[in-house]
Amino acid sequence: MLILILMALKIGITDLTAGKIRNHDISLLLVISLFQHHLHQFLLPSLILLLGFCCQSYIGSGDTKLLALVVARKPSYLALAHTLSVIFLASILLLLIFLALGRRRDIPIGPALALGLVI
C-alpha cells in the first residue's frame, strides 16, 4: 500500500508540473497489479485502453493508461464504483480550479486518477 501511495503522489505531482504521466510509472504499477489479481479482471481495463486510444485528441495517453490501471486494481464492482465516483468529483474540482485560473486547455486529471489509485 505504501508503494501505491508514493507512486500516486509521484504521478500526481509529475502531471501537475510537467503535464506527463510517465510510462515507467504505469509499467511498475501494472507489474504489481498482475501479481495481485487474476487475468480475467483485465477485460474492462483493456476496453478502456481501446476507447482511450480512439479518443486521443480529448484525453492524454498517460491518463488513459492510468485509468485502466486503476480499474484493473479494484477487486469488486462496488469498489470500482466508489473509486470512479471519487475520480469524477476530484476531476470536477480540478476543472473548476483551472477554469478559475483562466486555463482552459490541458487540464491535468492525473492527480484525480492518482487519488483513485490510492482509494
Side-chain angles (χ1 to χ4, degrees):
M1 186 65 171
L2 180 62
I3 292 174
L4 286 179
I5 293 171
L6 293 174
M7 289 301 297
L9 282 172
K10 182 180 185 293
I11 289 170
I13 291 170
T14 303
D15 194 29
L16 280 173
T17 57
K20 298 280 184 189
I21 297 175
R22 294 187 168 44
N23 284 337
H24 62 273
D25 294 337
I26 300 295
S27 299
L28 177 63
L29 289 171
L30 179 63
V31 168
I32 292 168
S33 297
L34 285 174
F35 286 113
Q36 293 178 343
H37 297 290
H38 299 288
L39 199 54
H40 72 276
Q41 289 178 300
F42 289 95
L43 184 60
L44 184 58
S46 299
L47 179 63
I48 290 171
L49 286 173
L50 179 67
L51 291 173
F53 291 129
C54 290
C55 301
Q56 277 187 339
S57 59
Y58 302 107
I59 187 170
S61 297
D63 296 324
T64 300
K65 291 181 274 190
L66 186 56
L67 177 60
L69 182 69
V70 168
V71 170
R73 293 200 46 83
K74 297 306 160 184
S76 68
Y77 287 112
L78 182 60
L80 177 60
H82 181 259
T83 300
L84 292 178
S85 298
V86 169
I87 290 171
F88 178 74
L89 291 174
S91 297
I92 295 296
L93 180 63
L94 281 170
L95 175 69
L96 292 174
I97 290 170
F98 278 88
L99 287 176
L101 294 174
R103 188 170 161 192
R104 300 190 185 279
R105 293 192 45 83
D106 299 329
I107 297 171
I109 61 170
L113 294 171
L115 179 63
L117 180 66
V118 173
I119 289 182

Asks: Do Val86 and His82 come within less than 4.5 Å of each other through their side chains, counting heavy atoms only?
Replies: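 The answer is yes, as the side chains (C-beta and beyond) meet within the 4.5 Å cut-off.
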Asks: If every non-hydrogen atom of Ser91 is compared with every non-hydrogen atom of Ala112, which pair is closest and at what distance?
Replies: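 Ser91 and Ala112 have their closest heavy atoms at OG-CB, 3.5 Å.
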Asks: Can you tell me how far apart CD1 (Ile119) and CG (Leu4) are? Round to the nearest 0.5 Å.
Replies: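 One gets 12.0 Å once the value is rounded to the nearest 0.5 Å.
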Asks: So which heavy atom on Asp15 is nearest to which on Pro111, and how close?
Replies: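 So the two residues come closest at OD2-CD, 3.7 Å.
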Asks: Where is the tightest heavy-atom contact between Ile109 and Leu94, given as atom of each residue plus distance?
Replies: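 Reported closest heavy-atom pair: CA-CD1, 4.2 Å.
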Asks: Taking all non-hydrogen atoms of both residues into account, name the closest pair between Gly116 and Lys74 and its distance.
Replies: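 Heavy atoms of Gly116 and Lys74 come nearest at O-NZ, 3.4 Å.
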Asks: Would you give the length of the straight line joining atom CD1 of Ile92 to atom CD1 of Ile97, rounded to the nearest 0.5 angstrom?
Replies: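 Spacing of CD1 (Ile92) from CD1 (Ile97) equals 11.5 Å.
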Asks: Using a cut-off of 6.0 Å, state whether more than 12 heavy atoms not belonging to Ile3 lie near its atom CD1.
Replies: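 Result for CD1/Ile3: open.
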Asks: With rounding to the nearest 0.5 angstrom, report the CG to NE2 distance, Leu30 to His24.
Replies: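 Spacing of CG (Leu30) from NE2 (His24) equals 14.5 Å.
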Asks: With a 6.0 Å cut-off (strictly less than), is the heavy-atom count around CZ of Phe88, excluding the residue itself, greater than 12?
Replies: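 Result for CZ/Phe88: open.
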Asks: List the steps, then state whether side chain to side chain contact (heavy atoms under 4.5 Å, CB included) holds for Leu113 with Ile87.
Replies: CA-CA 6 Å; Leu113 294 171; Ile87 290 171; 3.8 Å; yes
Asks: Give a yes or no on whether Leu66 and Met7 share a hydrophobic cluster (residues Ile, Leu, Val, Met, Phe, Trp, Tyr; joining criterion: side-chain heavy atoms under 4.5 Å apart).
Replies: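 Cluster IDs for Leu66 and Met7 match.
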Asks: Please find the pair of heavy atoms, one from Gly12 and one from Ala114, that lie closest to each other, and give the distance.
Replies: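 Where Gly12 meets Ala114 most closely, the heavy atoms are N-CB, 4.2 Å.
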Asks: Membership question, hydrophobic clusters at under 4.5 Å side-chain separation (ILVMFWY): are Ile59 and Leu49 in the same one?
Replies: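 Different hydrophobic clusters.
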Asks: Calculate, to the nearest 0.5 Å, the distance between atoms CG and CG belonging to Leu93 and Leu115 respectively.
Replies: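 Spacing of CG (Leu93) from CG (Leu115) equals 10.5 Å.
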Asks: Under a 4.5 Å side-chain heavy-atom rule over Ile, Leu, Val, Met, Phe, Trp and Tyr, are Ile26 and Ile5 clustered together?
Replies: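 Same cluster.
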Asks: Quick check: is Leu69 connected to Tyr77 through a chain of hydrophobic side chains (ILVMFWY, heavy atoms under 4.5 Å apart)?
Replies: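 Linked within one cluster.
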Asks: Go through the steps to decide whether Lys65 and Ile21 satisfy the test side chain to side chain contact (heavy atoms under 4.5 Å, CB included), and finish with yes or no.
Replies: CA-CA 9 Å; Lys65 291 181 274 190; Ile21 297 175; over 6 Å; no
Asks: Looking at CG of Leu84 and CG of Leu80, how far apart are the two atoms once the value is rounded to the nearest 0.5 Å?
Replies: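 CG of Leu80 is found 4.5 Å from CG of Leu84.
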Asks: Which heavy atom in Phe53 sits nearest to a heavy atom in Thr64, and how many Å separate them?
Replies: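 So the minimum-distance heavy-atom pair works out to N-CG2, 4.4 Å.
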Asks: Under a single-linkage definition using a 4.5 Å side-chain heavy-atom cutoff for Ile, Leu, Val, Met, Phe, Trp and Tyr, are Leu28 and Val118 assigned to the same hydrophobic cluster?
Replies: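 Per the 4.5 Å side-chain linkage, Leu28 and Val118 are co-clustered.
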